Participant: 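Pasting a structure here, questions to come.
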Amino acid sequence: MTHSHDPPPSKNGLIGRDRELRELTVGIVDVVAGTGGLFLVHGEPGIGKSRLVEAAAEVAAKNGVVVHWGRCWEVGGAPAYWPWIQVLRSVVEDLGASDIAAVPGTWALGQLVPELVGLLPERALGADLEPEQATFQLMDAVAGVLRTASRTRPLAVIIEDLHAADPASVTLLDFLARQVRNTSLLLIGTYR
């Protein structure tokens, strides 16, 4: 039931989110043209963040953008990088392990996606890294895979529930956000 003071639903089924969807659509048009970006959608529970990014994903798909999803686990017990593990599994399925293996440093991805271990190049002998270097290598490998995937077709990565993200996942998002400008990679996150 609609009250006279309620805005009418738009064509996409969203109520009162037309401006936000237009902004995301501009980001999608930009990523198709080769300029990536980061959008963060925030609001209280139940306000429609997920529906907004679903509508954006529909617009993206209609514009030839491949969309990969990850969701942070709010209950606890998930491994570090959980939303990125979901994204990488989806990208591997879409792109193929041989294309991923060609990206420098991808041996590090075996830490996140164990099913890739036998398909990825081995790390050079004696290349024992300090923890900070290993973390950087891992983040750089994820960035390399996403850049590689976005060269074939523009790519959107949607991470939901960032408020529940582990610190490593947030650090990786920050790392990627600093590198998307001249790529066909769009990052979208939702949080409370």
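Nothing here was measured: the structure is a model prediction, and the numbers come from that model.
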Participant: Would you name the heavy atoms of Ile158 and Ala57 that are closest together and state the gap between them?
Facilitator: CD1-CB, 4.0 Å

Participant: Restricting to ring pair (Phe, Tyr, Trp, His ring centres under 6.0 Å), what partner residues turn up for Phe39, sequence neighbours left out?
Facilitator: none

Participant: Check the pair Gln86 / Arg71 against side-chain contact (heavy atoms from CB on, under 4.5 Å), numbers first and verdict last.
Facilitator: CA-CA 8 Å; Gln86 296 167 60; Arg71 179 179 297 270; 4.2 Å; yes

Participant: Should Phe136 and Trp84 be counted in the same cluster of Ile, Leu, Val, Met, Phe, Trp and Tyr side chains packed under 4.5 Å apart?
Facilitator: yes

Participant: For the pair Glu58 and Lys62, evaluate salt bridge (charged side-chain N to carboxylate O under 4.0 Å, His left out) and give the outcome as yes or no after the intermediate values.
Facilitator: CA-CA 6 Å; Glu58 292 166 11; Lys62 288 178 185 172; 5.5 Å; no

Participant: To the nearest 0.5 Å, what is the distance between CG (Asp166) and OG1 (Thr171)?
Facilitator: 8.5 Å

Participant: Determine the minimum heavy-atom distance between Leu112 and Ala80, stating which atoms define it.
Facilitator: CD2-O, 4.4 Å

Participant: Check each of Val65, Leu38, Thr35, Val157 against Leu185 using the side chain to side chain contact (heavy atoms under 4.5 Å, CB included) test, and report the only one that passes.
Facilitator: Val157

Participant: Given side-chain contact (heavy atoms from CB on, under 4.5 Å), test Val170 with Phe175 step by step and report yes or no.
Facilitator: CA-CA 9 Å; Val170 174; Phe175 183 85; over 6 Å; no

Participant: State yes or no: do Leu88 and Trp73 share one hydrophobic cluster built from I, L, V, M, F, W and Y residues joined by side-chain heavy-atom distances below 4.5 Å, directly or via other members?
Facilitator: yes

Participant: Would you say His42 and Thr190 make side-chain contact, with heavy atoms under 4.5 Å?
Facilitator: no

Participant: With a 4.5 Å limit on heavy-atom distance, are the side chains of Leu187 and Leu173 in contact?
Facilitator: yes

Participant: With the 4.5 Å side-chain cut-off for hydrophobic clustering, are Val26 and Leu40 part of the same group?
Facilitator: no

Participant: Do you know the tightest heavy-atom contact between Ile159 and Cys72?
Facilitator: CG2-SG, 4.0 Å

Participant: Do the side chains of Trp69 and Glu160 get nearer than 4.5 Å, heavy atoms only?
Facilitator: yes

Participant: Is there side-chain contact between Glu20 and Glu23, with at least one heavy-atom pair below 4.5 Å?
Facilitator: no

Participant: Tell me if a side-chain donor or acceptor on Gln133 pairs with a main-chain N or O of Glu130 at a distance below 3.5 Å.
Facilitator: yes

Participant: Is the closest side-chain heavy-atom distance between Ser184 and Arg151 below 4.5 Å?
Facilitator: no

Participant: Count I, L, V, M, F, W, Y as connected when their side-chain heavy atoms are under 4.5 Å apart, and connections chain through other members. Are Val53 and Val32 then in the same cluster?
Facilitator: yes

Participant: Going from CG on Asp140 to OG1 on Thr135, what distance comes out if it is rounded to the nearest 0.5 angstrom?
Facilitator: 12.5 Å

Participant: Look up atom CG in Leu52 and atom NZ in Lys49, then write down how far apart they are to the nearest 0.5 Å.
Facilitator: 10.0 Å

Participant: In Å, rounded to the nearest 0.5 Å, how long is the span from CG of Asn63 to OG1 of Thr25?
Facilitator: 8.0 Å

Participant: Could you measure the distance from the CG atom of Leu109 to the CD1 atom of Ile85? Nearest 0.5 Å is fine.
Facilitator: 10.5 Å

Participant: Give the minimum heavy-atom separation between Arg153 and Gly64, together with the two atoms involved.
Facilitator: NE-O, 3.4 Å

Participant: Using 0.5 Å steps for rounding, measure from the NE2 atom of His68 to the CZ atom of Arg89.
Facilitator: 14.5 Å

Participant: Suppose we screen for salt bridge (charged side-chain N to carboxylate O under 4.0 Å, His left out). Which residues come up paired with Asp174, at least two apart in sequence or across chains?
Facilitator: Arg178

Participant: Looking at every non-hydrogen atom in both residues, tell me the closest pair between Ser169 and Trp82 and how far apart they are.
Facilitator: OG-N, 3.9 Å

Participant: Ignoring hydrogens, what is the shortest heavy-atom contact between Ala149 and Leu155? Give both atom names and the distance.
Facilitator: CB-CD2, 4.1 Å

Participant: Using distance alone, with no hydrogens and no angle criterion, decide if His163 and Glu74 have a side-chain donor and acceptor under 3.5 Å apart.
Facilitator: yes

